[in-house]
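In what follows, every heavy atom counts, from backbone to side chain, and hydrogens, waters and symmetry copies are set aside.
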Amino acid sequence: MERGSFVLGHQLTSDQLDARILNYPTITVPERKHTLNTTPVGIDRAILFDDGAYNNRDIQLIIGFEGKQSNSNIQKFLSALDTGKYIDFQMYSDPDYTYQVIRQSTGTIARPTYSDSYRELTITLSSAPYRYVEPAQTATITTNQSTLVNPTKYLAKPYIRIVGDGAITLTVNGVDYKFTNVTGSIELDSAMQNVWWVNGGVMVNENAKMAIGPFPTLKPDNNTVKVSTGTATIEPRWRTL
């Protein structure tokens, strides 16, 4: 990526907005979620409860917008963020990863005295703690066992689409995930912990077709995967802090 460039939502680019990131983005390291219990008597430290998760991180940006459409392009940038859900964001400073961001803070828009058209937007974005390996990879899984190699040191929560009918078992690292009465295909998102089927463009909840239990995850290093029948497409969503 060129210096200062970015892509928002895989669609809106810095070139389309005639914009560039002016600073080297300041990105905080996410805070681990801990709870400390200081009430026990006679113990020389607080009791630690680890939630096994992280708080969001902040990304501080200064973006310069050129041209007569600078005000309009700032509004395009902000409206792309203000959708009520996380949006993928890729920056020149970290081109091998995608962040998932939302706008929570206020921002400032400045105009230097020497220009009627140039604007600078200073803003802090809130990002989900993990950043995801870019470009996203997919793998096709069959009844023959395949190996997926997680290049990071963190668990991945994949998206999986299984094509087949009837009873299907997905096996990940020796653990069976069973599905019943599949009609054509079924999809699951381990991050959102949802199972669904797309019928005529409409998503139909299919959680009842998956046996109760945890959703599959992919550990660091080697992961073995297969299906009992049909095929599966896996987007691993490799991620790191």
Side-chain angles (χ1 to χ4, degrees), residues 1 6-10 21 23-40 43 45-63 77-78 80-107 122-139 148-160 172-173 175 177 187-195 207 213-223 225 234-241:
M1 299 180 73
F6 61 85
V7 181
L8 183 61
H10 294 293
I21 299 174
N23 65 322
Y24 192 89
T26 302
I27 304 173
T28 59
V29 177
E31 178 186 13
R32 184 80 170 186
K33 289 185 177 181
H34 291 139
T35 303
L36 297 177
N37 184 350
T38 60
T39 59
I43 298 178
R45 71 192 67 187
I47 297 176
L48 173 65
F49 297 94
D50 186 355
D51 294 339
Y54 299 88
N55 289 317
N56 275 16
R57 65 169 89 212
D58 290 335
I59 302 176
Q60 299 174 14
L61 298 171
I62 303 173
I63 305 176
F77 179 82
L78 294 176
L81 288 169
D82 294 346
T83 61
K85 60 183 180 181
Y86 285 98
I87 301 297
D88 289 341
F89 187 51
Q90 189 181 11
M91 299 172 285
Y92 82 98
S93 56
D94 204 4
D96 295 329
Y97 295 94
T98 292
Y99 294 79
Q100 295 181 339
V101 302
I102 56 175
R103 184 175 73 88
Q104 279 191 308
S105 70
T106 60
T122 301
I123 194 169
T124 298
L125 304 180
S126 178
S127 171
Y130 291 100
R131 52 191 178 135
Y132 292 81
V133 174
E134 182 68 29
Q137 304 168 359
T138 59
L148 303 180
V149 181
N150 183 348
T152 78
K153 300 301 181 183
Y154 294 89
L155 282 176
K157 296 184 177 181
Y159 155 78
I160 303 172
V172 180
N173 294 327
V175 178
Y177 302 89
E187 304 180 40
L188 60 148
D189 187 331
S190 291
M192 301 303 295
Q193 299 199 11
N194 278 331
V195 180
N207 284 333
F215 278 68
T217 58
L218 302 172
K219 61 183 177 62
D221 299 321
N222 294 334
N223 295 268
V225 187
I234 297 182
E235 183 182 327
R237 296 172 173 167
W238 307 133
R239 61 185 190 172
T240 188
L241 288 183

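Under a 3.5 Å cut-off, the side chain of Ser127 and the backbone N or O of Arg57 do not form any donor-acceptor pair. Side-chain N or O atoms of Asp82 include none that pairs as donor or acceptor with a backbone N or O of Ala80 at under 3.5 Å. Put simply, the side chain of Ser190 never gets that close to the backbone of Phe215: no donor and acceptor are under 3.5 Å apart.
Tyr24 and Ser93 get closest at one heavy-atom pair: OH-O, 3.3 Å. Among all heavy-atom pairs drawn from Asn23 and Ile62, the shortest one is OD1-N, 3.0 Å. Residues Arg237 and Ala191 approach most closely at NH1-CB, 3.9 Å, considering heavy atoms. Asp58 approaches Thr28 most closely through the heavy-atom pair N-OG1, 2.8 Å. Here the shortest heavy-atom pairing between Arg239 and Thr152 reads O-OG1, 2.9 Å. For the residue pair Thr39 and Asn37, the shortest heavy atom distance occurs at OG1-OD1, 2.6 Å.
Taking the side chain as every heavy atom from C-beta outward, Val29 and Leu241 never approach each other to under 4.5 Å. By the 4.5 Å heavy-atom criterion applied to side chains, Pro30 and Asn56 are not counted as neighbours. Side-chain contact between Phe6 and Ile63 is present, with heavy atoms from C-beta onward closer than 4.5 Å. Counting only heavy atoms from C-beta outward, the side chains of Tyr97 and Val133 approach each other to under 4.5 Å. Side-chain contact between Glu134 and Asp96 is absent, with no heavy atoms from C-beta onward closer than 4.5 Å. Annotation: side chain of Gln100 is in contact with side chain of Asp88 (closest heavy-atom distance under 4.5 Å). Within the 4.5 Å cutoff, no side-chain heavy atoms of Leu155 are placed close to those of Tyr130. Between Ile160 and Tyr177, every side-chain heavy-atom pair lies at or beyond the 4.5 Å cut-off.
Tyr154 OH to Arg131 CZ: the interatomic distance, rounded to the nearest 0.5 Å, is 9.5 Å. In this structure, the separation between CG on Leu81 and OG on Ser126 is 11.0 Å, given to the nearest 0.5 Å. To the nearest 0.5 angstrom, Lys157 atom NZ is 10.5 Å from Met192 atom CE. To the nearest 0.5 angstrom, Thr35 atom OG1 is 12.0 Å from Ile47 atom CD1. Note: Asn173 CG to Leu218 CG = 7.0 Å, rounded to the nearest 0.5 Å. Taken from CD in Gln60 to OG1 in Thr122, the straight-line distance is 10.0 Å, to the nearest 0.5 Å.
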Side chain to side chain contact (heavy atoms under 4.5 Å, CB included) between Tyr99 and Leu125, worked out:
CA-CA 10 Å; Tyr99 294 79; Leu125 304 180; over 6 Å; no
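In summary, of the residues considered (Arg32, Glu31, Lys33), a side chain to side chain donor-acceptor pair (under 3.5 Å) with Tyr54 occurs for Arg32 alone. Exactly one of Leu61, Leu8, Thr98, Val7 qualifies for a side chain to side chain contact (heavy atoms under 4.5 Å, CB included) with Met91. That residue is Leu61.
With 3.5 Å as the limit, one finds no donor-acceptor pair spanning the side chains of Asn194 and Asp189.
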